[in-house]
Amino acid sequence: MLEGLNEQQKKAVIQKDGAMLILAGAGSGKTKVLTTKIAYLISEYGVSPYNILAITFTNKASKEMQQRITSLIGKSSITASTFHSFGVKILKENYDLLGYKKNFVILDSDDSLTLIKKLLKDLNYDPKMFSPYVIRNKISSNKNEFILPSEYKKFVRNEEDDVVYKVYQLYEETLKRNNSVDFDDLLILPIILFRQFSDVLERYQDRYKYIFIDEYQDTNHAQYLLTKMISDKYKNICVVGDNDQSIYAFRGANYKNILNFENDYKNCTVVMLEQNYRSKKIILEAANCVIRNNKFRKDKNLWSDKEDGSLISLYQASDEKDEVNYIIGEIKKLLDKSIEKKDIAILYRTNAQSRVFEQEFLKQNIPFRIVGSFYFYSRKEIKDLLAYLRVIYNPNDDISLLRIINTPKRGIGNKTISELEFKASIENKSLFDCIVEGKAKEFKDIILDLKNDLDKMSLTDFIEDILNKTGLKKALEEEHSLEADIRLENLEEFKSVTKNFEDLTGVISLEDFLLEVSLVSDIEEYKDDEDRITLMTVHAVKGLEFPYVFIAGLEEGIFPHRNSLNSNEELEEERRLMYVAITRAKEKLYLSWAKKRMLFGEEQLSIKSRFINEIDEKLLDKSLESSGGIKVRESKVYDTDQQYKYGDKLLHETYGVGVVVDVQDKIITVAFQNGIGIKKLLKNHKSIKKL
DNA sequence: AAGGAAGACTTTTTT
DNA sequence: AGTCTTCCTT
């Protein structure tokens, strides 16, 4: 089992008891060490898998860890999960002690936001004065710091704090009344439980005698407290982290937890893993060039004995479409060299950037997958369906009920809803319980009817039942629009999620499904791996590696993101993000940026990201940069200001010949022939040519 | 009283 | 570009 490990890695693996801190640079084989260590503990030291808890950062990582351990020593039943799903487990086992009922539901951050908007309104605050987003984030970061409303009250200094305090208090009350918890509660409630009931804590301490935590630099205070409590009795705790890869400060992550660890466990063993086994030298050197610019960091000596590899390609695109086409062109070259699609990844800073790729890949029929929450579970139709499932499971879930009581439209408007809310507050009942008559009663009957069907069929059939009986399906079908068709398709896709879920875990209850699905951000986790090109955000790619990596959208304002430009701390986090992105690549790295990009429906001009400039020139292949660029590509871009006047004729790539009928600053209005009609165009767009 | 259309406004990153 | 708000029509 120790074969192929270096000295440091071996040292980490064979120590049985006590605290251990593994400082692992990117690509230094930390997952290998972690999984080997767990396997070694079981097979060599005879520790029961039942006593092992391994916390990972994503669900994907926990699955991978299970698989790797299985391949080492065969199937073993260790507990491998994320902090949040571990919290769910504890909650499921102790909900009554915390004053919750069995059918509690988990709200995601979108739901929290909706609730906060509503509470602001109820408290008569103008959402323009006090941004619901800001308030949600403040509440969340307080919860992650374990500052509860009563404590927060002491910190109130100005009006905004006061609003946050009032909303925070009401928010917590409402959640409790709803028998629902948010993501942060999944960490906080176990801590509260353990503080209150020492016998319960001891039970968990005796159960999880060996604790492993991956990505320790991205744990927040609540997570720190939680693991400290559980490991306190036996003190067998092993954490792995890399300060240079800390990228979740916005979520309350505190890399100082690594420093705290050395304080908490004075005689802990520290292991440094500094050899990178992943990337070719040039890639690693580029990563070092970038991260070197961060002032607040411990200098590390990450090295590789691999060969240099090829230079990093740099491309300056005229706009985001050009960027996509460049990347597709390069991908085609790779595919011609019979490189597999699953070995190629495209990374970007924001989810919104994926759209152009999606469109172009679809058009060109290139198989791809977009990894990320945004694209499935936050779609309206999916959230509606989930809300139905929750209300059926827990009719007292007012928040979900409000979402769907009039979806699809069934004649229940604001008036009816405020009457219900008034009644509910007077009688201290849930909205559902207050419904007795009218259109709302028809809704209530649908829910009751569905509840009745629940035990009669599989979950997948039940979804179909919901789609039919609630009229969700019919409403979309009657719309006859492309958009509605896509929504219908997504709902069909949802059935494949439940189907896979059922196949994977055997018969599954609505309860289990709801608890799990709220923590799974990504539909792809349930799909088998076809050969496809992977697209994802830099945050989502953490912990993964690909032979060929494209980092797109390297512009000031995008990456680094504009919101991070004012503070040095945030800028350094952006730089760590860039470091993470670069170190994903094994064979070859491609960087690109666009001079012009559509953002919020507007064209924006950008300059090259500072992160590109930070990379030593000799590592870059700049032959595709503007000056010496590919002439064919460049010839289509008109940099000069072409002037137009009324009556000028022009040729458009797709619309053909047209006549200018109106001229404004940047936009011209053109009448085209052959029934195409009038179009507004950008004067200098590369697709038009003055005749 | 509910539904629809036009306008305002916004999302950086995720469990 | 897409969602949420506001106002107006039915």
Side-chain angles (χ1 to χ4, degrees), chain A residues 55-62 81-88 106-110 112-114 117-118 121 126-128 131-134 136-137 140 143-144 181-187 215 218-220 222-223 246-253 347-356 358-359 371-374 377-380 383 405-419 438-439 483 516-522 525 536-543 553 557-565 570-571 573-574 576-578 580-581 597-602:
Chain A
I55 303 268
T56 55
F57 198 70
T58 61
N59 294 297
K60 200 174 183 166
S62 78
S81 71
T82 63
F83 268 110
H84 290 84
S85 29
F86 183 60
V88 172
I106 302 169
L107 301 187
D108 66 24
S109 28
D110 265 359
S112 301
L113 187 62
T114 312
K117 280 182 189 158
K118 183 179 172 304
K121 216 158 133 195
D126 182 359
K128 276 170 204 147
S131 150
Y133 293 92
V134 172
R136 179 193 58 183
N137 292 341
S140 176
K143 291 180 86 162
N144 282 313
V181 298
D182 67 11
F183 278 160
D184 304 324
D185 286 328
L186 297 178
L187 306 173
E215 310 282 6
D218 281 324
T219 52
N220 62 35
Q223 291 166 334
S246 153
I247 55 175
Y248 281 92
F250 72 91
R251 206 171 94 179
L347 310 181
Y348 35 79
R349 177 64 179 83
T350 66
N351 280 307
Q353 287 167 258
S354 68
R355 186 173 295 120
V356 226
E358 190 177 15
Q359 285 168 356
V371 178
S373 55
F374 186 79
Y377 286 105
S378 58
R379 295 196 131 119
K380 183 184 181 304
K383 298 217 72 171
I405 193 166
N406 198 33
T407 310
K409 303 247 182 309
R410 41 174 84 88
I412 303 169
N414 290 336
K415 189 66 199 257
T416 314
I417 289 170
S418 40
E419 276 170 13
K439 295 272 188 212
E483 198 194 313
E516 176 135 356
V517 86
S518 45
L519 295 178
V520 175
S521 59
D522 196 351
E525 291 194 18
M536 59 175 122
T537 65
V538 183
H539 281 89
V541 81
K542 191 162 81 148
I558 303 255
F559 198 178
H561 195 270
R562 58 172 48 72
N563 294 2
S564 322
L565 295 178
E570 287 178 77
L571 188 68
E573 176 147 321
E574 293 287 306
R576 289 193 293 272
L577 256 185
M578 181 66 179
V580 169
R597 180 180 295 277
M598 285 292 269
L599 223 59
F600 293 122
E602 252 177 70

Is the backbone of [Y] close enough, under 3.5 Å, to the side chain of [X] for a donor and an acceptor to pair up by distance?
X      : Y      : result
A:D185 : A:D182 : yes
A:N351 : A:T537 : no
A:R136 : A:L113 : no
A:D184 : A:N144 : no
A:Q223 : A:N220 : yes

Is A:F57 stacked against the base of B:dT15, taking the criterion as centroid distance under 5.5 angstrom and interplanar angle under 30°?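 Whether judged by distance or by angle, A:F57 falls short somewhere, so it does not stack on the base of B:dT15.
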
Between A:I417 and A:T537, which is nearer to the 5' end of DNA chain B once each is assigned its nearest nucleotide?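 It is A:I417, whose closest nucleotide lies nearer the 5' terminus.
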
On DNA chain B, check which nucleotide each of A:I247 and A:G413 is closest to and give me the residue with the more 5' one.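 In this pair, the answer is A:G413.
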
Using a 4.0 Å heavy-atom cut-off, does A:F559 contact any base of the nucleic acid, only the sugar-phosphate backbone, or nothing at all?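 Nothing, no heavy atom under 4.0 Å.
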
Looking across every strand, which nucleic acid part, if any, lies under 4.0 Å from A:E215 by heavy atom: base, sugar-phosphate, or nothing?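 Contact class for A:E215: none.
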
Measure CG/A:D108 against C1'/B:dT14 and give the value in whole Å, please.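 The answer, rounded to whole Å, is 11 Å.
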
Just the rounded figure in Å: distance from C1' of B:dT15 to CD1 of A:I55.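 Distance, rounded to whole Å: 12 Å.
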
Can you check whether [X] has a side-chain N or O nearer than 4.0 Å to OP1 or OP2 of [N]?
X      : N      : result
A:N59  : B:dT14 : no
A:N351 : B:dT14 : yes
A:T58  : B:dT15 : no
A:T416 : B:dA2  : yes
A:N406 : B:dA2  : no

Between N or O atoms, less than 3.5 Å apart, protein on one side and nucleotides 5-10 of chain C on the other: list the pairs.
none

Please check if the distance between the ring centroids of A:H539 and A:F250 is under 6.0 Å.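 Yes.
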
Heavy atoms only: give me the nearest A:R410-A:N406 pair and the separation to one decimal.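 Heavy atoms of A:R410 and A:N406 come nearest at N-OD1, 2.7 Å.
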
